[in-house]
Amino acid sequence: MWAERDAAVVWHGFTDMSAYLDHCPVVVERAEGHELIDTEGRRYLDAVSSLWVNTLGHRVPELDEALRDQLDRVAHSTLLGNGNRVVVELAEALAGVVPVVAPRFLFASDGASAVEMALKLAFQFWALQGVRGRTSYLAFGRAYHGDTVGALSLGADDGFGAALFDPLRFPVMRAPGYDEPACFEVACRMVDANAGRLAGVVVEPMVQGAAGMRVAGPDGFVALAEACRAADVLLIHDEVATGFGRTGTLFATEQCPRVRPDLLCLGKGITGGYLPLAVTVANGRIHDAFADAGQAFAHGHSYGGNALAAAVALRHLRLLDERDALANVVARSAQLAGLLTEHVSPHPGVGEVRITGLLCGVDVAPGTGRAVCDAAVAAGVLLRPIGDTVIIVPPLTITAAEIERIVDVLARAIRAELG
Ligand SMILES: *Cc1c(COP(=O)(O)O)cnc(C)c1O
């Protein structure tokens, strides 16, 4: 009944509404810990962390309390030209942990907006210094940086309907995706050859998430950072998906020795999955160039730096430590990899399994990704495919027993759908 009411009025993104009801959508009413509970009272393990935003489960007492406390102070006030105490406290706390030199924080509400701000900051950074011609960007094959038109321009040509919007997208220089072993060599050469034309290079450190969890080792990112420094091209790390512990370190950049991006985009897990908040972190050099020129950054969102979201994000950052969440990510990642190798990989319909921390993709036979995930959902484990890659992104606090349940349900779903 709720599914029909939903379909009658709500238009869901990245969802063919003509087939919406055929896939038995879960209409969530409430949640407990790692489980979502639908309007019929059925429970589902949230094995995609509500699209990679949830970190410590749902209804975390400490986060609920931080939100209630902030409600008694103020819900929102604008950051354009004025400040807000809890946002200052959040920025101070983040300044101690982000892999950016002398960081400054520009707040928005969605990852795509954080990417847009990074693009525009890089652009204006060169323009205000009177540098001409540095107006292009280099991005990677299979990249995904969000769905607004600027972020979509950076995204791979084939991904997420981007090609459909080609007439709207600005051209970018394109290195190969991480599945090409030479992609970083090629990218470094492109940076070198186009130094005078590039405003910045945009890259997802360690894992291309929406590409189906395509992974790359740290060496390529180290080389890319060196090439950018040599050519004086700004390096932009998009950690919207990888940030806040998902790869086993607080930020994936930490796994790339000595790499310090000029701009860093954060979102998704920043509030533990509670409220929309994103931030673009700029290094001191970029900030000072604007200050020296006496120029404002020509950008600002109405709800950027929302106080409720900031209060939750601040408490969440401390809670990641208090709960020792990163250690759990490392342990559960090893367990998940082992169980997949044992129970899922041997099936002839299963291809590559890729995993970094708790970002995991399992390739299944062409045309079966959706059916496999539907079967898992029917068995009480919420999974969502990207094409024919089953994506497993459990909360950072997932337990060993829950990991076993995910693999057990996935293995059964694969047997049921692929024989
Ligand atoms: C999800 C994602 C974005 C976009 O974030 P939204 O909050 O959905 O706009 C950008 N970059 C990466 C790497 C992402 O995974």
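Note that the structure is predicted; figures quoted are calculated from it, not measured. Atoms within each ligand, like the ligands themselves, are counted from 1 in listed order.
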- Query: Taking everything shown except F123 itself, do over 12 heavy atoms lie less than 6.0 Å from its CZ?
  - Reply: no

- Specify whether H299 and H301 have parallel, tilted or perpendicular ring planes, treating 30° as the upper limit for parallel and 60° as the lower limit for perpendicular. perpendicular

- Can you say whether the rings of H76 and Y303 are parallel (under 30°), tilted (30 to 60°) or perpendicular (over 60°)? tilted

- Report the part of K268 in contact with ligand 1, treating N, CA, C, O as backbone and CB onward as side chain, heavy atoms under 4.0 Å; options are side chain, backbone, both, neither. side chain

Short list, please: which atoms of ligand 1 are under 4.0 Å from a heavy atom of [X]?
| X | value |
| --- | --- |
| G146 | 4 (C), 10 (C) |
| D238 | 10 (C), 11 (N), 12 (C), 13 (C) |
| E204 | 13 (C) |
| H145 | 10 (C), 11 (N) |

- Task: Write out the residue and atom name of the closest protein heavy atom to atom 7 (O) of ligand 1, then the distance separating them to 0.1 Å.
- Result: G111 N, 2.8 Å

- Query: What protein heavy atom sits nearest atom 4 (C) of ligand 1, and how far away is it?
  - Reply: A112 N, 3.6 Å

- Classify the side-chain pair E116/S113 by whether it contains a donor and acceptor separated by less than 3.5 Å. no

- Does the protein put a heavy atom under 4.0 Å from atom 9 (O) of ligand 1? yes

- Charged N to carboxylate O below 4.0 Å: is that the case for E32 and R43? yes

- Note on the structure: So the salt bridge (charged side-chain N to carboxylate O under 4.0 Å, His left out) pairs with at least one residue in residues 134-145 (sequence neighbours excluded) are R142-D179

- Message: For ligand 1, which is the ligand I care about here, please tell me if V240 has any N or O atom under 3.5 Å from one of the ligand's N or O atoms.
- Response: no

